[in-house]
Amino acid sequence: MNITWPWELRARGVLNMNKRNIDYIGRYNPRKFYKRVDDKLLTKQLALANDIAVPDLIAVVREQHEIVHIPERVKGRTGFVIKPAKGSGGKGILVITHIEQDRYYKPSGHEVSPSELDRHVSNILSGLFSLGGKPDVAIVEGLIEFDPVFDGYSHEGVPDIRLIVFKGFPVMGMLRLSTAASDGKANLHQGAVGVGVDIATGKGLHAVQFDAPIEFHPDTGKKLTDIVVPHWDSLLHTASSAFEMCEMGYLGTDMVLDQTKGPLLLELNARPGLAIQIANGKGILPRLKHVEAMSSHSMTVAERVAYAKIHFNG
């Protein structure tokens with residue numbers, strides 16, 4: 001077993017949880033604005049008001065008696081996603097990729113019966129997946145048709161792009177790819193693959209699964225560092241724009257690429273995890289300190305993105 005001592009991690013510029021919580025989340029994320037990112041429905045409404053593209057909103061289910069209307073709302077669609085408005089860590093997200101004669105199928109091909117779907121939504125409303133276990137609402141969204149460039153890089157699920165944005169600067173990026181172990185979800189804790197991405201180019205740099213370095217996707221065999229994320233500049237601009245939208249200084253932005261609609265903002269996170277450093281094979285702290293030392297109040301989104309591509313590449 002390899003042991004890495006705390007002073008070695010500090011020397012490598014690795015941000016730990018305590019420092020993240022105190023020096024960045026606590027200092028730069030005003031508590032009064034947390035609802036803007038913790039409530040996915042409010043995030044979606046803010047994004048639309050700020051001309052930031054998001055997945056289609058099919059329905060919002062606030063009360064138990066509204067659950068029966070879901071089948072008619074999704075009629076004619078190829079699929080849909082149900083998620084808790086105040087969930088975290090990918091919990092409570094149900095992805096239906098195929099509908100056939102009112103029968104619902106997950107990416108794995110497993111059928112979800114109408115009663116199972118009703119029970120899942122009921123659990124969301126009761127707060128089973130929400131932060132603090134408080135009653136929640138269920139969001140029904142349109143299914144994302146992921147860009148063909150990701151064919152073979154993700155197993156039965158839509159890849160997403162996490163960018164850490166500090167004071168409006170995209171400072172570190174990661175592509176999250178689903179696997180059989182993660183049940184088609186792009187959640188690292190459930191076994192998805194994280195690929196560190198070059199801020200300047202969108203090219204894969206380094207990949208991990210369960211915090212261990214890997215070279216090839218465990219299910220498809222594709223070499224992970226060969227990938228180049230398309231529409232990279234648009235993704236950087238969308239992430240950087242979230243700073244003005246929610247007024248939080250230290251932020252995780254989660255986005256996807258739709259085949260026809262391009263970059264879409266999925267959600268924001270006021271407490272982004274630290275695994276992005278493992279995926280990139282380097283610490284984020286030097287980049288955060290770099291931004292802290294700057295005077296950036298008058299810079300536009302485009303100027304911040306251009307600066308990040310020069311100073312935080314590779």
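In terms of heavy-atom proximity, L224 sits nearest to V195 at O-CG1, 4.0 Å. In plain terms, the two heavy atoms of I199 and P170 that are nearest each other are CD1-O, 3.9 Å. When all heavy atoms of L235 and P230 are compared, the closest pair comes out as CD1-O, 3.8 Å. Closest non-hydrogen pair, P286 versus G13, comes out as CD-O, 3.4 Å. Taking each heavy atom of G90 and N187 in turn, the nearest pair found is N-ND2, 3.7 Å. A192 approaches S178 most closely through the heavy-atom pair CB-CA, 4.3 Å.
A donor-acceptor pair under 3.5 Å is formed between the side chain of N313 and the backbone N or O of I310. Side-chain atoms of R287 come within 3.5 Å of backbone N or O of V171 as a donor-acceptor pair. When atom types are taken as modelled, the side chain of Q277 and the backbone of L15 share a donor-acceptor pair closer than 3.5 angstrom. Judged purely by atom type and a 3.5 angstrom limit, T253 uses its side chain to pair as donor or acceptor with the backbone of L163. Between the side chain of Q209 and the backbone N or O of G191, at least one donor-acceptor pair lies under 3.5 Å. For S130 (side chain) and P135 (main-chain N/O), no donor-acceptor pair under 3.5 Å exists by modelled atom type. A distance-only check finds no donor-acceptor pair linking the side chain of R12 to the backbone of K282 [under 3.5 Å]. In this structure a side-chain-to-backbone donor-acceptor pair under 3.5 Å is present from N29 to A270.
Partners of F150 by ring pair (Phe, Tyr, Trp, His ring centres under 6.0 Å), not counting sequence neighbours: none found. Legend: residues meeting salt bridge (charged side-chain N to carboxylate O under 4.0 Å, His left out) with K203, ordered by chain and number and at least two apart, are absent. H69 is linked by a ring pair (Phe, Tyr, Trp, His ring centres under 6.0 Å) to nothing, counting only residues two or more places apart in sequence or in another chain. Residues that satisfy the ring pair (Phe, Tyr, Trp, His ring centres under 6.0 Å) test with F210, not counting sequence neighbours, are absent from this structure. Partners of K83 under the salt bridge (charged side-chain N to carboxylate O under 4.0 Å, His left out) rule, at least two apart in sequence or in another chain, are E141. In this view, H189 satisfies the ring pair (Phe, Tyr, Trp, His ring centres under 6.0 Å) rule with no residue, not counting sequence neighbours. A search for side-chain hydrogen bond (donor to acceptor under 3.5 Å, both in side chains) contacts involving K289 returns nothing, not counting sequence neighbours.
Counting only heavy atoms from C-beta outward, the side chains of I144 and L266 approach each other to under 4.5 Å. Here the side chains of S241 and N50 are not in contact, with every heavy-atom distance at 4.5 Å or above. At a threshold of 4.5 Å between non-hydrogen side-chain atoms, the residues F169 and S240 do not count as touching. Inter-residue side-chain proximity for L48 and Q45 is flagged as unmet; no heavy-atom pair is nearer than 4.5 Å. Between H98 and K106, the closest side-chain pair of non-hydrogen atoms is not below 4.5 Å. Contact annotation: the side chain of D160 never approaches that of M255 to less than 4.5 Å [non-hydrogen atoms, C-beta and beyond]. Looking at V193 and T179, their side chains come closer than 4.5 Å, going by heavy atoms from C-beta outward. Side-chain contact check for Q259 versus P148: some heavy-atom pair is nearer than 4.5 Å.
With respect to the salt-bridge test (charged N to carboxylate O, under 4.0 angstrom), the residues E215 and K222 do not qualify. The existence of a salt bridge linking K86 and D38 is excluded, since no basic side-chain nitrogen approaches an acidic carboxylate oxygen closer than 4.0 Å. A salt bridge does not link R27 with D23: none of the charged nitrogens is closer than 4.0 Å to a carboxylate oxygen.
Listed by first then second residue, pairs satisfying salt bridge (charged side-chain N to carboxylate O under 4.0 Å, His left out) with a partner in residues 227-251 read R36-E247, D233-K309, E244-R304, not counting sequence neighbours. Among residue pairs with one or both ends in residues 17-36, those qualifying as ring pair (Phe, Tyr, Trp, His ring centres under 6.0 Å) are Y24-F166, Y24-Y250, Y28-F166; sequence neighbours excluded. The salt bridge (charged side-chain N to carboxylate O under 4.0 Å, His left out) analysis of residues 110-137, with sequence neighbours excluded, yields the pairs R103-E111. Residue pairs meeting the ring pair (Phe, Tyr, Trp, His ring centres under 6.0 Å) criterion with at least one partner in residues 220-244, sequence neighbours excluded, do not occur; the list is empty.
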Determine whether T225 and K223 satisfy the following criterion, side-chain contact (heavy atoms from CB on, under 4.5 Å), listing intermediate values before the conclusion. CA-CA 6 Å; T225 51; K223 188 174 181 180; 3.6 Å; yes
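For the side-chain contact (heavy atoms from CB on, under 4.5 Å) with M172, the qualifying choice from L288, N280, V197 is N280, the only one to do so.
Side-chain heavy atoms closer than 4.5 Å link hydrophobic residues (I, L, V, M, F, W, Y) into clusters, and following such links, even through other members, never connects L41 to L264. In the hydrophobic clustering of this structure, L131 does not group with M17; members are Ile, Leu, Val, Met, Phe, Trp, Tyr whose side-chain heavy atoms approach within less than 4.5 Å, directly or through other members.
Applying the 4.5 Å side-chain rule to ILVMFWY residues, one finds I58, V61, I67, I70, F80, I82, L94, I96, I99, Y104, V112, L117, V121, I124, L125, L128, F129, V140 in the same cluster as V74.
With rounding to the nearest 0.5 Å, the separation of CG in L205 from CE in M174 is 12.5 Å.
In this structure, the ring of H311 has its center less than 6.0 angstrom from the ring center of H290.
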